[in-house]
Structures are given as C-alpha cells and as structure tokens.
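Side chains are part of it too, since the values below use all heavy atoms of this structure and drop only hydrogens, waters and symmetry mates. Throughout, a chain's letter reflects where its sequence line sits, starting with A, and its residues are numbered from 1.
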Amino acid sequence: MTFGLACCAIEMMATAMARFDIDRFGAGIFRATPRQSDLMIVAGTVTKKMAPTVVTLYEQMPSPKWVIALGNCAISGGPFVFEGQYNLVEGVDLLIPVDVYVPGCPPRPEGLLEGLMKIEEKITGKRRFPVPDKRW
Amino acid sequence: MTDVLKIAVEAIGQDTLRVILGLIGVLILVVINALMLTWAERKVAGHMQRRIAAKEVGPFGLIQPIADSLKLLGKELITPMKVDRVLYFLAPVICFIPVLVSFVVIPFGEGLQVRDINVGILVILAFSSLSVLSIFIAGWGSNNKYSLIGAARSVAQNIAYEVPLLLSLLIVVIMVGSLSLKDIVEAQKGMWFILYQPIAFLIYFIAGVAETNRTPFDLPEAESELVAGFHTEYSGMRFAIFFLAEYTNIMIISAVATTFFLGGYLGPYLPGIVWFLIKTYFLVFVILWFRWTFPRVRFDQLLNFSWKILIPVSFINLIVTGGILKL
Amino acid sequence: MTKVTEIIKGAASLIIGMGVTIKAFFSPVVTVQYPRQTIDITPRFRGHTKLLGDEEMPERTKCVACGICAKNCPSRSIKKVEGEKKEGEKKKTATTYILDFTTCSQCGICVESCPFDALAFSADYNPAGYSREDFLYDLVKEYEKRKKV
Amino acid sequence: MGAAEIIFIIIALFTMIGALMTVLSGSLIYAMMGLISTLFGVAGLYIYLNAPFLAMMQILIYVGAVSILIAFAIMLAGPFTMKPKEWTTVTKFIGSIVVSVVSFVLVFRAIMQTPWVQGKIKNFNVTTKDLGRIFLDRLAFPFEIISLLIVIAIIGAIMLALFSRRQG
Amino acid sequence: MVEIEELKRLFPRAEIAEIPYEERGYHLSIAVEKGDIPDVADTFAKKGCYLFDLFCVDYLDFLELVYFFNNHSAPYRIKVTTKLDPEQPTAPSISRIFTIAHWYEREIHEFFGVFFEGHPNLTYLFLHEGIDFYPLRKKQVKVSEEDKKRLMPKPPGEEEDTFFINLGPQHPSTHGVLRVILKMDGEYILWAEPVLGYLHRMHEKMAENRTYQQFLPNPGRMDYMGALNFNLAHVKAVEKLCGIEVPERAEYVRTITCELNRIGSHLLWLGAFLADLGGLTPFLYVFDDREQVLDILEAVTGSRLTYSYFRFGGLYNDVDGEFIEKTKRFIERLRGRFDMYNRLITGNVIFINRVKGVGIMDEALIRRYGSSGPVIRSTGLPYDIRKKEPYAAYRDIDFEIPTGVNGDNMDRYMIRLKEMEISLNIIEEAINRLPDGPYRAEKLPKKLKPPKGDLLSTVESPRGELGVYIVSDETEIPYRMRWRVPSYSNLMTFPELARGCLIADAIAILGSYDIVVPEIDR
Amino acid sequence: MTGGYLFNNLYIYLFLALFLLCTGILGVLFRKTLIGMLISLELILNGAGLNLVALNRFVSPEDGYGVVFTLFIMGIAASETAIALGIIILVFRKYRHIEGEKLKEMKD
C-alpha cells in the first residue's frame, strides 16, 4: 500500500517507476486502502500525532501481513532524534512489528528492492534472485 | 422420469444439461479470462510506461496472476466491525451473477453458444443492471463514506449511460429484426455493422467503458479521490471477486461490441472462435489503452456528456436509421 | 456548429494522446533489472562511511580515534570511537568505530571535518536487514573484511 | 416432482419471502433488497408462463430502473443513516394486518368460486413480433397514451427536480 | 510605496529605523506597542502589502512578536516587532485583516502560549494533547489548564444532510500526511479545514540545539523536492551573517544545481498532478526524465534526494566536465520531451475540462494570504525573488517570468511547464558563463560564531518565497531560526478555494499547489 | 386445471398474485416512510402483472393482451416511480424527513 510519510516516499515512488519497476516482482500494485494490502512500507518519519493512525492502518490490514521500515526515520527516528525531542516516535518498530529494515536517508530504490527480496527470503526461506556484488 | 424431464425442458427451455455444462465452461472461461486480463493489464500498462512489468514470476510473469489469486485465497477475510453484515456478504455474490448469465448467450463461434435465447441481448442488458446494484449494496453495506460516495456515483453514472447503450444497440436490433445474438451475427455476413453505424458503435463503446467503470470513467473507485471507492472495505477473496467481475465485464462489453458491430465470429480462413477472440481482445486492449492514457473526467462532466451529447446523438441516429430503413 | 467542431477537436486530442502512449508501448523499456543488472553507482555516492587504510601501513586505518567526527555529527550517529596506542607509533590506532547508520543523514560533515582524511563514503547502496542492530557498523571491522576481499 | 417443479417451488417461495421482507423489514435498504428478490421471482414466474420477453423486461425495467431509482431516493433522503426507523404503532400495524388478511380471504374465496374457462390452445407462445403487432395495431391508442404518460412523467420529474433545486 | 515620514506621522509612539538591506535582508524595522498592531496591519493592508511572516522569539525577559510585511511590486520588507510579557503573553489578533495570520497565530499560540485576543479558533494546529509544554519556549513552560481547554479541537457541528470526510492523514492524494477535514453536501464541499502536524519534525527546535554547520542536513529534509533551494537559503543566511565571501564559480554551480532541482521538483509535480486527475502514465514519463536529473545531481552531490551539497563559503565538492556534458545532454533531451507532454497532456480535452476555470485565485486573495511562487504568478503578478531580490548567479542572468491570466489550475500548470523551459535556459546560460576558480572560500573560520543580530534571507524555492530568519547571540548555535515556507501560505488558501467545489475539483486544486507537507509542518 | 404440475396450475399463480397484492396493501398501510410505501406499491403492481399474464396464459392463450398490459403496467410503474421520487425529494428538502404520517400539511 502507498503510505508515503516523508522524503523516502519519493524514493518509494521512484522504485515503482520505469527505471526500477517494482512490478517486475509482481509487487507493483500500490493499493490505497489497507484492506487490500499485504505489505506496509512505512516510508518516513512517524510522529506522535501520526502514530495512532499507523497502528490503525496496520490493524486494518488482513493477515498475513508484513512491514518494511524504509529509511532511517522509520527505523529509529533518524536524524531527527535529539535530546528533548517531543514529537517523534523513535522507530516504527515500537508501534508495530517490523520485518525488514531498509536504512538510508533516503535509501536508494535498490535498497527497497533488496528489502522486498529479504521479505521473500523470510517467507520462503530461500533467495530466488542473484545477490548483486557487494560494493564497499 | 423422462417424461418429467421433457416437461421440465419444455418449461425451462432447451437442454438443461447443455446449460449446466455451458455454465461450468463459462465459469472456467471467466476465471481464466480475468487472470489473463490482470496479467495483460499489467503488461500493457508496463510497456506503455516503458517498463517491463510482471516478469520475475514464471516466464514473462505469466504465473503472476495465479500466484496473486492464490495469495488472495490465503488472505484473512476481515469483516470490519461496523458493516452491515448481510449486505457486505451479499454484494460480491450479486456482483458475480450477471457476469455468468451474460456469457450464456454470447455466441463465441458458430454453434459455440451455451444457449441461443431469442431475447438474448435483453438478457445481457437486464442482468448488467445487477452489477450496479451490487456496487450500491457494497457501498452502502461498507459503512464507509468513501464507499458510499463511490456507490452514489456509480448509480448515477449507470442510469446515465444505460440509455445511450440501449439506444445504440437498438439500432442494430432494428436493422436485423431480431433480439437473438446469433441472428445478429448471421446478418453481418455481407458487411459489418460498424460500417453502417460507426456512430452507434462509438456511442456503444464509450457507454460500455463507462458501464464497466474504467478510466476515464472510473469515478466509483477513483483512487486519488475516494481511496478505492466502493470496495474500500473489502479484502481478500471478496475483493478478488469484484476484481474478477470487473475484468469479466470488460470482456462482455467487448464481446457484445464484437457481436453487434464487428461481425462476431465471422471471418475468413480461421475458425470462428479465433476471430471472435481476436476481435474481442483487440477491443479489450483498446479499453486498457484508454486507461493508461487519459485522466479521469469529473462527475458532473461525466453526466453532462451522457445527457447532453450521447443521448441526443443516439436518438437522432435511431430516428434517422429507422427512417432510412423504412424508405 | 461550434459544438460539433469542439467535439471533433476533443476527440482528435484524445487520439493524439493515445498515439503518444502507443508509441511508448512499442519503444524499448528503460528498466534496469535489479538485481540482475545494476546501475553504475557514481564514485561520489554517499552511503555509510568507511575508514580508509593508511597508504604506508595497509593493516591499519588512518583513523586515530580523535573523536572530532563524533563531536561534529549532527545526529550523534557515531556512537563510540576508541583507539589504542601501539608501540613505536606516534598516533593512536582505532580499534572500534561504531556508526549507528540508522540515525545517519549522510550529510558528509564527518568526512569533511576529519583532519586526517580517514573517512570516506562507501558505495554500499542497497543495505537491508532484519533488525536495527544490523546497521550498527563497526567500521574497523568492516575495513578488515574489505581488506580480505 | 421433477427438477422444473422443484425450481418452480423455490422461485415461488423466493417471491413470497421477498414480498414479506419488503413489507416487514426494519430498514429501507432491506426492503429494497426484498423487492428486488420479489421482482426476480416474478420474472422467473413469467418464464414459467412462457413469456421470456416479459421476464427480461421485468428485470430490465424493474431491477434496472425502478429499484435503482428507489436506491437513489434512499441515498438522497437518508444519507448515512443506516437504519431509518421504520416501525409504526402497534394499533396501526394490527389494523393493517387485519385489512390485508380480510382482503386476502375475500379475494381468495372469490378466486376459488369463479369458474375459470381454460383456453383451448395448450402452448401459449407470444413472440416479440406478436407483441409489437398488438401494440401498434390493435392497442395503438393505449400505447400512445402510455407514451404520453411517460413523457408527462419525465417532464414532471424534471420540473420537480428544478423546483426542489430552487428551494435548496 | 511605504514612506517612512508617513509612518512616523501615523504611529508617533513607534520606533522606526531604516535597516541596511544588503546586510540584514530587510529594509525597515518598526517597534510598536502591542495595542497598535491591528492599526499597523490595517495600514499596511491598505497599502497593498501582504503578511510575509509572523512568528515569535523568546528572549527570556520578554517575548517578541515579529511581523514581516512585504509587497509584490517592489520588495520592501518591513519588520514590525512588539514585546510581550512572558508570564501572561497576550496580543491582539490580526486574522481579520490578513487571513493567513489565523494560522500563524494558532501556531504561535501552541508553541509559545501567546493568547491572541479576538482569534476565533485557537486550537491545535501542529501539536496534539500529548505535549503539555510550549515547545519553543526557552524555559520549559507547562500548558495551563485553561489553555488546554482552549487548545482541544472543537468538534464541528454535524447538521442534517451534510457529512464530514477526513481527507487523510493517509489518503492517496494528499502527497504525504496532510489531513483535510471536509464538510460535504453530497459531492459538494461546504467547508474545509487543513490539519497539520502529522510530520512535524521540530526543525526549528532542532536549530536551537545544533550548530550552524550541524543544521546543514536539515533544510534539505524540510522540502525534499527542492532540497538544494532550501539548502541554499540556509547557507546564504549564515554566509551573510558571518560575512563569508563566496567564490563566483560556487555561485554559478549553485544556480545550475538549484535550477536542476527546480526542474526535478516541477517534473514530479506534473506527474503527481496528473495522477490526482486520474492519469497515471504521465507520472512514469516524468519520472523517466526526473531520473536523468537525479543522475546528474547524484554524480556531483552523491545523493539522490536530500543533497546537503552547499557548504558555508562554497560547495561540498566541485563539478567536473562530465557534469557539464551530462547537463547539456539533459537540456536537449528535456526540450524534446515538452512536445510529447503537450500532446499527451496539454491538448487533452479531458485534462483541459478538468483544470480550466477551477480554483480561480485573484490578487486580493493572494494579498490576504501572502501566497507565493507559481501559485501567484498564475494570477498575473510577475513576482519572483530570483528577479526581484537576485541572489547567487541570478544577478547576471536574464530570464523572463511566466505569468498567467486567470489564476486557475490551467494557468498554474502552464506556468510550471514554462518555468521548466526557462530553467533550462538559465542552466544553459550559466553553464556557458561558468567561471574557473575555487569552488570554496579559502579562509573559513574554524568555528562559526556570527555576530549578534538578526537577518532575513530569502530564496525562490520551486514552490515560492522561502525565508529564513536567524537571530544570533554570538554562539555557534543559532538563538532562533525561523523558516517561512511557501507551501504554508499557499495551502491555506485551500479552504477558500475549495468551498462550493466538487470533491474531484478540490483534489485538483490541492494538487495544483504543489505542496510538500514536511515543509509545512517543519 | 391443466396438467398435474404445479406450474401448470392457474390457481397457484393467482394465489401468488394475491399474496403479493395483500402484502403490498399491508406495506402501504403500515409503512412509515414514503419510500417504504412506494416499494410496497411496486409489489401490488407486480401482483397485478402476474395475474394478467397468468390469466392470459391459461384463459385466453390465443392472444397476448395480458402480456401487453403487463408491459403497460411496467411503463406506468417506471413513470410513477420517477414522479414519486421527485415528490419524495421535494418533501425531504422541505421537511427534512420522509415520514408519511407527519405530513399533515398535505391534507389541507
């Protein structure tokens, strides 16, 4: 489902677009309603005001369901964590169970695709796709 | 017993067994067609947007729709709390009936017709109105404002577009003098009706696209406005049935257009069914093409277009055609 | 009459639009099929940081564990920088350098502020993992892993 | 009991239950559902009466137009109220039941006592062509009147809509 | 337009001082008693000024309300300040004179606890009831019980025949997490109210915790679409504050990259706008082009979205020949693509019918809201900071400002298309003139400790007039940093434009603003 | 009585038509809202139609007058619904409810 919160949403869109084409894996249909989604990609900062909505949306999804935390903000609050911060949930995994983390600020589209494969690996137990060379 | 059967057959119609077998065949066809079309939709969309689309699952991604449907089967069936349960359950069922019934009368090839009813086209038109009803019930039963707006839009849209659809088909019926689809196809032996009646064909096709709620007339499920419209609250298999019905509706609209205007199964060299499928799927492709080219029209524009342009034009067309035929 | 021409014009515009999409339909795709193909990552790509090796002594990194980067980091991503002074060397050598990538904003201030030019960006463009702790990189260990490859 | 008969009974029951649902259900939307099932049942009965054209017209006009209009009215009149209160007072309810039951009994007796003359032809078969002939030859005048009525109805509906828009 | 003598005569009690514009970024400073504020605002409103910004600074001894006025014909920025008692801060509301002040005042109320007399609805805008102190006060001040009651949102009264729709926070067309409450009568919108704060990331608070340098990555995350423009605004402000000279090459590269960024932003807007109207394919076509922009920018900055490329006194690293080569190729490519967009979108009769005559704005409305950017250029005002208060290399480059006539969605669309073409011209010109030399100032202080004072720096972001106001107190950390973001004042015109519209039109209008929610929420 | 089958029996159709009529009367009498009454009215019309067709089928199968008149009924029903809908909406706009009992003003 489309759940763009912030900067990373743009990269999420980029992943769906012609250059990277997430639809090749059959994951191309971004549904707007939680009822028809399997995977929630939390792309961006989750604020305390947003948190109840995130939880509701997660609960509205029919199981089996998965969650990707895309970007540093969704993983841990990212660069917006500082002492005395008052409006940030420091990681979406405090609210809902997260299956795969894709770090970066924002992550490249390849990161999201990699996350998708990680999800598949987690479900099926093996990786169908070749592992691209690790770059240092 | 044979005696009873005879009377039963007399009462119901022709060959019950044939009908039952045909229904099973139609069911299989419907499912395969819907699966094919979801795949085709993705591929068409993908290539129009210069990307590959479904590829990784199976050769050319052909296994993708099957994988998707299996996934949908395995999904949890959520019944949201505040829905009207009876209506919520009923809507997908009602949605599926017209789809099945309509296929019964469509002649796929010479003799390849489940049942030739002498009021064939009326059957399709009559039952197609049921799909509106299912959308209405789904929207009402979901207890969701977006769904309800979607349902309201759908009802208004269908009232508006049913009229030109009927009128443009009526022209062909007048020309042939029969309501049976088979007769209509046979009447096109010499010339396809699209050449006599291009305007009627256009009106029918536009109204048909509107009836199936496809872009640019996809207001009941307008994603950017109403989240997912009438099926916002549906998940899993129930949602899949809506999806199935939508794709089958596209197929029916195209098939009726083929039968009425493009000479149905008539064509040289190849067997009838091949011609029929080629023509039908070409029209389906055009509908998909529409979707991936145009933005959505606005609600009032949609209604104005029907009431102010399509209906007058098709009335004039009807009168002119009737006049010419009498002269 | 104007209305008729309007309708015809409108229909023509629609057909022109359809022409654009059908042309795209038959033109080649632009997709880069990750993971079978990958895009060339630019050498300036900013992934997480990495420690550079000393040219003279390749077994150690340039990092001397001064902690300037940790102080300058906007989001306190550099959790721990420790080093020890080995015999016969003037400077300290880093033994642990823990970067919490999940709070990093890839801004490059640490790279800029390092007085010894010990930091650089890695081209690790597609990290993904199953837990937060996967991204607590110990850059010294990473360096050793890299050396082996 | 053949298959046809079983189906017939099912259809008849369907019609009756639909009719009961139409009048007795508490919410308008269920009443509409009941009406639709009745309409379908009657259409099925028409098929048994060898009038398939009529059956299709029944579905086309009643289900396709009338019930959709009613749905529209429900939606416009009771927006987002799931169950508008339908139940009336008990006395009125009992009164209505008495009226309908008495009329039922009286008419039923009348039906049973009337000596119906059965037609000679066994196979009743009215084609669409025959219907057209009847419409335009022998019943041309009533047909025109009905057409006029529909035109008046359309004009009237438009007038009402315009009037209500001016008010709102 | 505004004469000092006249002002002195009108407000004898006020302290009026002219300010060196080159150093401080504004022209006039007026300190008034708080009772005079409505009169002052009224005077400026009559003179055709708009409220550029309204915010508060906490000086511990007193709270200072700062009003910035400006006008669209020739920039003349006027700072009006007034002092408030920190214990019981109250001020008169000017939301009747400038409608945008309605939201600014609500913001100040929840962040500082200033009570505005005569304000109709001082409820939560950004925050929620979980935060029980005023976040931007220097000393922690608890929200009083009375204030808490006031802050709780009042449930809008539901009448018969109407119903409410929550557009968002999770809705496909809100471009992020904006929530708009719509009161509907059937398909028609009777009343709309945006609810912000779902992405409030405390940038302004963070600025008070970080050094100027450490704040560098933040602006880019405020507006991730125009990251470089925001980056530039911050860098420019600090450079002015510290008196750092920027080498000319850096200025030119800044211009080029900013314009590339602007093109990228406009392209994405184009796609998103069409997606709002229901056409998905253009979205993918624009992304195809946008990927080219990203490739160019990534090759030089190392990042695809949030660049933080500009540094104080220059750039993060220099551009090379390949960059110029690639940019030139991109210019050619995009120029060729405009024809395709015109055939696919501009000429399409459905598109024209959807956007023409929808969401009409006029100058009076814009003045009340202080909107900016393509949104106001659509009404025919040629107001562009790149031209009116040139910065970076825009001083040397001549370009035209596209304007519309009707102020409807169609004009906004056409202007953005035209702006992309003009940006291409600017880039071409700048590349031709690109001087050699260092890309970064040589002598940079190790620690940035700007002198005491305040400063306003403005930049034309893809969405409009962006302003940074910095108060420095001679430390490494800004005392107060205020971001005046363009989307904020653009978005606030939505309730007025959406009234009486169909829901589909409202979504088209919302799409035509090109809002970026994190920028509004900050 | 023709044949031994239920569906070849005139009385069963007459009975069903009567049933529809009586439920319709019941509904019209006690339904509270105008729409409810309208729906019940449709039942009565359907009963009449069924009656006509059944009599046509069994009493005088030579011609199709019953069928034709049922078609007339359908036309009337459609126009009646359209008009009634208009009136109902008008009433709703004016009085904000559609309950028949409360509409005292109509009597004057």
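Between C:Ser13 and E:Gly347, the closest heavy-atom pair is CB-O, 3.1 Å.
A 6.0 Å sphere centred on CD of E:Glu476 holds more than 12 heavy atoms belonging to other residues, nucleotides or ligands.
Put simply, OG1 on C:Thr21 and CZ on E:Arg343 are 10.5 Å apart, with the number rounded to the nearest 0.5 Å. Once rounded to the nearest 0.5 Å, the distance linking OH of E:Tyr316 with CD1 of C:Ile109 reads 10.0 Å.
By the salt bridge (charged side-chain N to carboxylate O under 4.0 Å, His left out) test, C:Arg46 pairs with no residue at all, sequence neighbours left out. Residues forming a salt bridge (charged side-chain N to carboxylate O under 4.0 Å, His left out) with E:Arg333 (at least two apart in sequence, or on another chain): E:Asp288, E:Asp289.
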Donor-acceptor list for residues 322-330 of chain E side chains, cut-off 3.5 Å, not counting sequence neighbours:
unit_1, atom_1, unit_2, atom_2, d
E:Thr327, OG1, E:Phe323, O, 2.5

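Remark: side-chain polar atoms of E:Arg311 are not paired, donor with acceptor, to backbone N or O of C:Glu112 under 3.5 angstrom.
Top candidate by heavy-atom pairs under 4.5 Å with chain C, chosen from E:Ile350, E:Asn348, E:Asn317, is E:Asn317. Across E:Thr281, E:Asp295, E:Val300, E:Ile345, the residue that shares the most heavy-atom pairs under 4.5 angstrom with chain C is E:Val300. Note: C:Ser105 leads C:Gly108, C:Ser105, C:Gly17, C:Ser113 in heavy-atom pairs under 4.5 Å with chain E.
The interface of residues 209-216 of chain E with chain C, defined by heavy-atom distances below 4.5 Å, comprises E:Arg210, E:Gln213, E:Gln214, E:Leu216.
With a threshold of 4.5 angstrom between heavy atoms, C:Ser75 approaches chain E through its backbone and through its side chain. Residue E:Tyr285 touches chain C through its side chain alone, counting heavy-atom pairs closer than 4.5 Å.
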